[in-house]
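To start, the structure under review is shown below, and the notes come after it.
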Amino acid sequence: MKDVLGYIENNSERYLKELTEFLAIPSVSNNPENAGDIRRCAEWVAEHLRSIGIPDVRIMATPGHPVVYGAWLDAPGKPTVLIYGHYDVQPPEPLELWTSPPFEATVRGEDLFARGASDDKGQVFIHLKAIEAMLRTTGTLPVNVKFIIEGEEEIGSEHLDEFVKAQAELLKADLVLVSDTSMFARDVPSICYGLRGLAYMQIDLVGPKSDLHSGSYGGSILNPIQALAEIIAKLHDGKGRITIPGFYDDVRALTKKERDAYKKLPWNDRRYAKDLGVKQLYGETGFTTLERLWARPTLECNGIWGGYTGEGAKTVLPSKASAKISMRLVPDQSSKKVSALFTKFIRKIAPPGVTVTVQSLHGGEPAITPIDSPGVRAAYAALEKGFGKKPLYQREGGSIPIVVQFKKLLKIDTVLLGFGLPDENAHAPDEFLHLPNFFGGIRTAAHFLNELPAYMKKGG
Ligand code: BES
Ligand code: ZN
């Protein structure tokens, strides 16, 4: 491993230059205008895999954006690791809030700023560079490796289930390795063992058939914006609990062991509030902030629109009002069931003066992964070597919908080995990757592959 680590160190500048090229492609998955960039990005990943010595690389079509598959299988009898990540990114808007352009990666201090730097191109690249270092210095790998790098994660991985189902044989592996989560804090390497699920909804309200003069008509009919505000206000009670009947029915209670473990983590509510620029935290009473973030479901309004929002005043009684509302889910909630409960409740509480339509935009299931598996033990050892510190176990509030499907369809567990930081502005302006974690991640990824056979007690 000494040579491998030396290679990583000696090539660090080139690694960054290549990552900058990867980050320059605006592979925004939710915007049809970026379809060409998505394609170009898939080709870039495929080409890069070939260039580091992966012999079998394919760009595989789906009804949506393509999946890049790669395989190096020259370690017969050794375990096979399936590395999953995504090359698509969130839209960069609002552009004016970026300090440097989102697709021109820029180093400031120890951080590299660009859309996708942390989520998830930078983290995907960690594995490519670890494998390059191993192949270039030793000519071989201690395990077999397969890659599946998708282009629709940020829009719910809509076509990936079908893909995994259809390609189950090709994707056969002993475990999945995902780097698309965060460390607990700077200098605190972590293994994530739980993710929340998601049910994303849109509600559209229509009142009068067209916009009306608010003087001539105000007082005679219900304003759809008022109706929408009343609906949204009814979705939480005074204790921060969600009021949808049945919403909490399938929520798995936190164990005493977990609650005790979370209490021991270095956490400070006051500092957290200050960092976020809020005067006070908010959430379901009876739970700590970490419990609410990791193990309790939520309902958030993501966007709301209707009526006149331009400069100055316009006296209008609008015809329409809409909102996008998402719910983060925890085991054992199901996104389909929660979407149905949401729809039923909205229809029930919608006032008679408006017509309401509810649609489900996408969903994903919550996940808990085992922490006593050989993969997790190897990850623990690898993090300790890569960062020189003992890692801790944590859950996270975000979602990676395919994790549960890997278990269901391929019958394999996922190890969530994330190198992001919670404050790296993922999905926001000025997203960045903390470079010490990029290089620590590359070292850890190499150690992981190196350690795994011994922990799997298979061929090693
Ligand atoms: N990398 C994130 C997932 C994540 C976020 C893990 C925060 C841990 C903490 C991922 O790319 C993502 O943003 N996923 C979406 C999924 C959704 C569109 C189904 C999310 O969580 O909003
Ligand atoms: Zn991601």
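These numbers come from the heavy atoms of this one structure, side chains and all, not from hydrogens, waters or symmetry mates. Order of listing sets the numbers, starting from 1, for every ligand and every atom in it.
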(request) Ignoring angles and geometry beyond distance, decide whether T181 reaches within less than 3.5 Å of ligand 1 through its nitrogen or oxygen atoms. (result)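 In this structure, T181 places no N or O atom under 3.5 Å from an N or O of ligand 1.
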(message) Using a 3.5 Å cut-off on N or O atoms only, is Q90 in polar contact with ligand 1?
(response)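 So ligand 1 has no N or O lying under 3.5 Å from an N or O of Q90.
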Describe, in one word, how the ring planes of [X] and [Y] are oriented to each other, choosing from parallel (under 30°), tilted (30 to 60°) and perpendicular (over 60°).
X: F419; Y: F387; answer: parallel
X: H236; Y: Y282; answer: perpendicular
X: H362; Y: Y200; answer: tilted

(request) Consider ligand 1: state whether an atom of it lies below 4.0 angstrom from any non-hydrogen atom of D120. (result)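 So D120 does not count as touching ligand 1.
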(request) Report yes or no: does a heavy atom of H362 sit under 4.0 Å from some atom of ligand 1? (result)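 In this structure, H362 qualifies as a contact of ligand 1 - some heavy atom is under 4.0 Å.
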Quiz item: cation-pi between [X] and [Y], 6.0 Å / 45°:
X: R115; Y: F103; value: no
X: R292; Y: F287; value: no
X: R108; Y: F113; value: yes

(request) With heavy atoms of H86 as the reference, note each atom of ligand 1 found under 4.0 Å away. (result)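 What qualifies from ligand 1 is 11 (O).
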(message) As an exercise, identify every atom of ligand 1 less than 4.0 angstrom from a heavy atom of L198.
(response)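 Listed by number with element: 17 (C), 19 (C).
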(message) Check this for me: E258, atom CD, are more than 12 non-hydrogen atoms of other residues, nucleotides or ligands nearer than 6.0 Å?
(response)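 Count over threshold, so yes.
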What is the closest protein heavy atom to [atom], and at what distance does it sit?
atom: atom 11 (O) of ligand 1; value: E153 OE1, 2.7 Å
atom: atom 9 (C) of ligand 1; value: E396 OE1, 3.1 Å
atom: atom 6 (C) of ligand 1; value: D180 O, 3.5 Å
atom: atom 5 (C) of ligand 1; value: G398 CA, 3.6 Å

(message) Taking 4.0 Å as the limit for heavy-atom contacts, which would you say applies to R328 with ligand 1: side chain only, backbone only, both, or neither?
(response)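 Only the side chain of R328 comes within reach of ligand 1.
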(request) Between P401 and ligand 1, find which residue part has any heavy-atom pair under 4.0 Å and reply side chain, backbone, both or neither. (result)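 Within the 4.0 Å criterion, P401 contacts ligand 1 through side-chain atoms alone.
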(message) Can you check which of G418, S326, S399 brings a heavy atom nearest to atom 15 (C) of ligand 1?
(response)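 Among G418, S326, S399, the closest heavy atom to atom 15 (C) of ligand 1 belongs to S399.
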(message) For a quick check under 3.5 Å, do S157 and E152 share a side-chain donor-acceptor pair by atom type?
(response)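 No - no donor-acceptor pair under 3.5 Å links their side chains.
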(request) Could you tell me whether the side chains of H159 and E150 share a donor-acceptor contact shorter than 3.5 Å? (result)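 No, no side-chain donor-acceptor contact under 3.5 Å.
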(message) How large, to 10°, is the angle at the Zn ion (ligand 2) when you draw lines to OD2 on D180 and to OD1 on D119?
(response)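 Once rounded, the angle between the two atoms at the Zn ion (ligand 2) is 150°.
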